[in-house]
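Below is one structure; the comments refer to it alone.
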Amino acid sequence: MDPEPAMLAQARLATAERNVGWLFGADSDVGALTAAFGPGRLARGRSRRRCTGWTTTCGTDDASQERYARALEAAGYAVSSTVVEYSALLTADELAGGGFSAMSPEQLPAPAVRPAFTERIRTAVAPHGPLRERVRARLLTGIR
């Protein structure tokens, strides 16, 4: 599960197992999925892309990943980790959205001014485009 469609596409390409499904979702959805599907296969993927600058880790740092792995192991899962790397083009809308998603509610611009903020980003990056980002994501998987 991941909140990024591009990450899901890369995860599908990197997964050879036929009995694995990739879902669009956030951390807050994990409990509902576990309740719906019961014990089995549980994975959490997250890229550093949306987590730099405004927040400290977003769960992508080694300490958080180790904490997640210990929690999965304590719940009876056999844990493994896979790294997926790819290059992605970034649009001004994605840059703005990444910024918005990394901001706390107190930092977010009011909804009425977000289009102007996005347009300022578009104007600033246009001479340097297309922008390409190297994404490195670690998938933490638990199998029971």
Shortest non-hydrogen contact from Pro127 to Thr123? CD-O, 3.5 Å

Return the minimal non-hydrogen interatomic distance between Gly98 and Ser101, and the atom names on each side. O-OG, 3.0 Å

Could you go through the side-chain contact (heavy atoms from CB on, under 4.5 Å) check for Thr141 and Val79 one step at a time? CA-CA 6 Å; Thr141 307; Val79 178; over 6 Å; no

Hey, does [Y] have a side-chain heavy atom less than 4.5 Å from the side chain of [X]?
| X | Y | result |
| --- | --- | --- |
| Leu90 | Arg132 | no |
| Arg120 | Thr118 | no |
| Leu108 | Phe100 | yes |
| Asp93 | Arg122 | yes |
| Leu140 | Gln65 | yes |

Measure the [atom1]-[atom2] distance between [X] and [Y] for me, rounded to the nearest 0.5 Å.
| X | Y | atom1 | atom2 | value |
| --- | --- | --- | --- | --- |
| Leu139 | Ser80 | CG | OG | 9.0 Å |
| Arg136 | Ser87 | CZ | OG | 15.5 Å |
| Leu131 | Glu94 | CG | CD | 10.5 Å |
| Ser81 | Glu66 | OG | CD | 10.5 Å |

Walk me through whether Arg67 and Asp62 qualify under salt bridge (Lys or Arg N to Asp or Glu O under 4.0 Å). CA-CA 9 Å; Arg67 189 175 67 250; Asp62 290 339; over 6 Å; no

Using the six-membered ring of Tyr86, assess whether NZ or CZ of Arg134 lies under 6.0 Å from its centre and within 45 degrees of the ring axis. no

